[in-house]
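Reviewing the structure listed below.
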Amino acid sequence: MLIQKIIQELKDIPEEKLTEIYDLIHDFRLGLNQEDTQPRTPGLLIGQLGEAFFEPLPEEELQQWE
């Protein structure tokens, strides 16, 4: 039922904007697959550095420092 509502909303979006919507949906769906992996723990771990320490910060975290 909800998918029908989404499809109806998509029908009302101008053709030139559909690429943006597709990219949003596609990236969201790919992100769902990544949720199964262990979450990143930024910073120091007790007594050791984790691999996450060396990963770049996500854009959302970087924006919090502005």
Side-chain angles (χ1 to χ4, degrees):
M1 182 59 103
L2 185 56
I3 198 158
Q4 293 301 326
K5 288 181 178 182
I6 293 170
I7 291 170
Q8 187 58 46
E9 291 292 334
L10 289 172
K11 289 179 180 178
D12 294 333
I13 295 175
E15 185 76 26
E16 63 274 5
K17 295 291 185 178
L18 288 178
T19 300
E20 294 176 48
I21 298 297
Y22 172 80
D23 290 341
L24 175 72
I25 293 169
H26 183 72
D27 292 344
F28 180 81
R29 185 182 58 78
L30 291 177
L32 292 176
N33 294 338
Q34 293 178 353
E35 288 180 5
D36 295 338
T37 62
Q38 184 177 15
R40 185 177 80 84
T41 305
L44 294 174
L45 301 175
I46 299 173
Q48 65 182 14
L49 290 177
E51 289 298 317
F53 180 81
F54 300 101
E55 295 175 9
L57 290 174
E59 189 63 33
E60 296 134 2
E61 286 184 50
L62 291 174
Q63 289 177 355
Q64 292 176 359
W65 294 97
E66 292 180 0

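Values below: every heavy atom of this structure, side chains too, minus hydrogens, waters and symmetry copies.
No more than 12 heavy atoms of other residues, nucleotides or ligands lie within 6.0 Å of CD in Glu60, so this atom counts as exposed by the packing criterion. No more than 12 heavy atoms of other residues, nucleotides or ligands lie within 6.0 Å of CD1 in Ile3, so this atom counts as exposed by the packing criterion.
Leu2 and Ile13 fall within the same hydrophobic cluster, where Ile, Leu, Val, Met, Phe, Trp and Tyr residues are linked whenever their side-chain heavy atoms come under 4.5 Å apart, directly or through other members. Tyr22 and Phe28 are members of different hydrophobic clusters when ILVMFWY side chains are connected at heavy-atom separations under 4.5 Å.
Note that the CD atom of Gln63 and the CD atom of Glu61 stand 11.0 Å from one another [nearest 0.5 Å]. Atom CE of Met1 and atom NZ of Lys5 lie 7.0 Å apart (nearest 0.5 Å). Distance CD/Gln64 to CD/Glu59: 11.0 Å, rounded to 0.5 Å. The CG atom of Leu24 lies 12.0 Å from the CG atom of Leu18; values are rounded to the nearest 0.5 Å.
Listed here is the closest heavy atom pair of Ile21 and Leu10: CG2-CD2, 3.5 Å.
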